Student: 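Below is one structure. I have some questions about it.
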Amino acid sequence: MTSRASPGPGLFISFEGIDGSGKSTQARRLSETLIQAGYDVVLTREPGGSAGAEEIRALVLQGDPDRWSAETELLLFTAARRDHLERVIQPALDAGRVVICDRFADSTRMYQGSSRGDLRDTVDALHALMIGVEPDLTILVDMDPAAALGRAKARATDEERFEDFGLPLQQAMRAGFLALAKANPDRFVVIDGNRNADTVAADVTAAALSRLEQVSAAQ
Ligand code: ADP
Ligand code: TYD
């Protein structure tokens, strides 16, 4: 795929996984742990993370599941990511900070790339053209789809456009994320999210610290 976003001491960590798998919980906990350990951390999320991208977030996550075609949706997610990268992620990495992002381009590969027909080649071409970077470390929180959907549905939110696609989508997305992890073993760490949050967090912390040590040893 493409290059590191961070040529310097910064580290770019993304969290991926199906809805309700515990990504946001673990991203927040990792951020707290790394701040306590003395790292300079930016915790952010997609879709969103910058003012313009948060406006696009409302467009893509609210309303009828058929509101956008898969192609239009891909353009909206990519526009949001480009703004987020330009204004938040890249400046933070250039300043040597640790960026923790709740979802990044792998979500587009999965959701827009394969949830409604095969658009994966288009997703990859647009990514190469407009984004062009990958995280240093991607933590895939892997989880049983039915249990994850139960957790996601228990949240009171109006951002349910994707959750409305239901269990079959969650099952396909889980398999797709695991396949992506297998294809990119240097970037991905797969963590079992079916356990209690403390146990999951301990594994997440170990994976992140190990990658931070690798990067500082290489400099
Ligand atoms: P995601 O960001 O992947 O959609 P969240 O972190 O928002 O997932 O978690 C979804 C729901 O499940 C939240 O209500 C959260 O408090 C709860 N949750 C998160 N991790 C766990 C866990 N390990 N065990 C039980 N419940 C959890
Ligand atoms: P998110 O707020 O992370 O939802 P959750 O906390 O339930 O996992 O993301 C909202 C939805 O947006 C989620 O169903 C996945 C979808 N999504 C895409 O389809 N493409 C993308 O590129 C991204 C970042 C998210």
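FYI, side chains are in, hydrogens and waters are out, and symmetry mates aren't considered; it's all heavy atoms of this structure. From a predicted model like this one, the values you see are computed outputs, not experimental measurements. Whatever order the structure lists ligands and atoms in, that order sets their numbers, starting from 1.
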Student: Taking Thr199 for its side chain and Arg195 for its backbone only, find out whether a donor-acceptor pair lies under 3.5 Å.
Tutor: no
Student: Answer side chain, backbone, both or neither: which part of Met110 comes under 4.0 Å from ligand 2, heavy atoms only.
Tutor: neither
Student: For Gln26 and ligand 1, does the shortest N/O to N/O distance drop below 3.5 Å?
Tutor: no
Student: Non-hydrogen atoms of Ala152 versus ligand 2: any pair closer than 4.0 Å?
Tutor: no
Student: Measure across Val98 and Leu34 and return the closest heavy-atom pair with its distance rounded to 0.1 Å.
Tutor: CG1-CD1, 4.1 Å
Student: Determine the minimum heavy-atom distance between Thr78 and Ile131, stating which atoms define it.
Tutor: O-CD1, 4.1 Å
Student: Taking the non-hydrogen atoms of Gly20, is any one of them nearer than 4.0 angstrom to ligand 1?
Tutor: yes
Student: Heavy-atom distances under 4.0 Å decide this one: backbone, side chain, both or neither, for Glu73 against ligand 2?
Tutor: neither
Student: Within the structure, is a non-hydrogen atom of Gly17 found at a distance of less than 4.0 Å from ligand 1?
Tutor: no
Student: Arg57 heavy atoms, cut-off 4.0 Å: which ligand 2 atoms fall inside?
Tutor: 2 (O)
Student: When you compare the side chains of Glu54 and His84, does any donor N or O come within less than 3.5 Å of an acceptor on the partner?
Tutor: no
Student: Is there a polar contact between ligand 2 and Asp19, counting only N or O atoms under 3.5 Å apart?
Tutor: yes
Student: So, regarding Gly193 and ligand 1 (criterion: nitrogen or oxygen to nitrogen or oxygen, under 3.5 Å), is there a contact or not?
Tutor: no
Student: What atoms of ligand 2 come within less than 4.0 Å of a heavy atom belonging to Thr108?
Tutor: 21 (C), 22 (O)
Student: I'd like to know if the side chain of Arg187 and the backbone of Glu134 have a donor-acceptor N/O pair within less than 3.5 Å.
Tutor: no
Student: Please assess Asp198 against Asn196 for the test side-chain hydrogen bond (donor to acceptor under 3.5 Å, both in side chains), listing each intermediate value before the final yes or no.
Tutor: CA-CA 6 Å; Asp198 288 348; Asn196 72 59; over 6 Å; no
Student: Counting only nitrogen or oxygen atoms and a 3.5 angstrom limit, does Asp102 reach ligand 2?
Tutor: no
Student: Against ligand 1, does Arg195 come closer than 4.0 Å with any heavy atom?
Tutor: yes
Student: Tell me whether ligand 2 is touched by Arg81 - counting only heavy atoms on the residue side and a distance under 4.0 Å.
Tutor: yes
Student: For ligand 2, is any non-hydrogen atom under 4.0 Å from Leu61's backbone (N, CA, C, O), its side chain (CB onward), both, or neither?
Tutor: side chain
Student: Hey, is the main chain of Arg29 close enough, under 3.5 Å, to the side chain of Thr33 for a donor-acceptor pair?
Tutor: yes
Student: For atom 3 (O) of ligand 1, which of the options Lys23, Arg29, Arg151 provides the nearest non-hydrogen atom?
Tutor: Lys23
Student: Just let me know how Arg45 lines up against ligand 2, side chain, backbone, both or neither, with a heavy-atom cut-off below 4.0 Å.
Tutor: neither
Student: Checking contacts here: is it the side chain or the backbone of Asn196 that comes within 4.0 Å of ligand 1, counting heavy atoms only? Could be both or neither.
Tutor: backbone
Student: Would you say Asp144's side chain and Ala147's backbone share a donor-acceptor pair under 3.5 angstrom?
Tutor: yes
Student: Could you go through the side-chain hydrogen bond (donor to acceptor under 3.5 Å, both in side chains) check for Ser50 and Arg87 one step at a time?
Tutor: CA-CA 7 Å; Ser50 62; Arg87 290 166 196 263; 5.8 Å; no
Student: Using a 3.5 Å distance criterion without hydrogens, assess whether the side chain of Lys23 forms a donor-acceptor pair with backbone atoms of Ile18.
Tutor: yes
Student: Does Phe104 have Arg81 sitting over its ring (NZ/CZ under 6.0 Å from centre, angle to axis within 45°)?
Tutor: yes
Student: Within a distance under 4.0 Å of any heavy atom of Lys23, pick out the atoms of ligand 2 and give their elements.
Tutor: 8 (O)
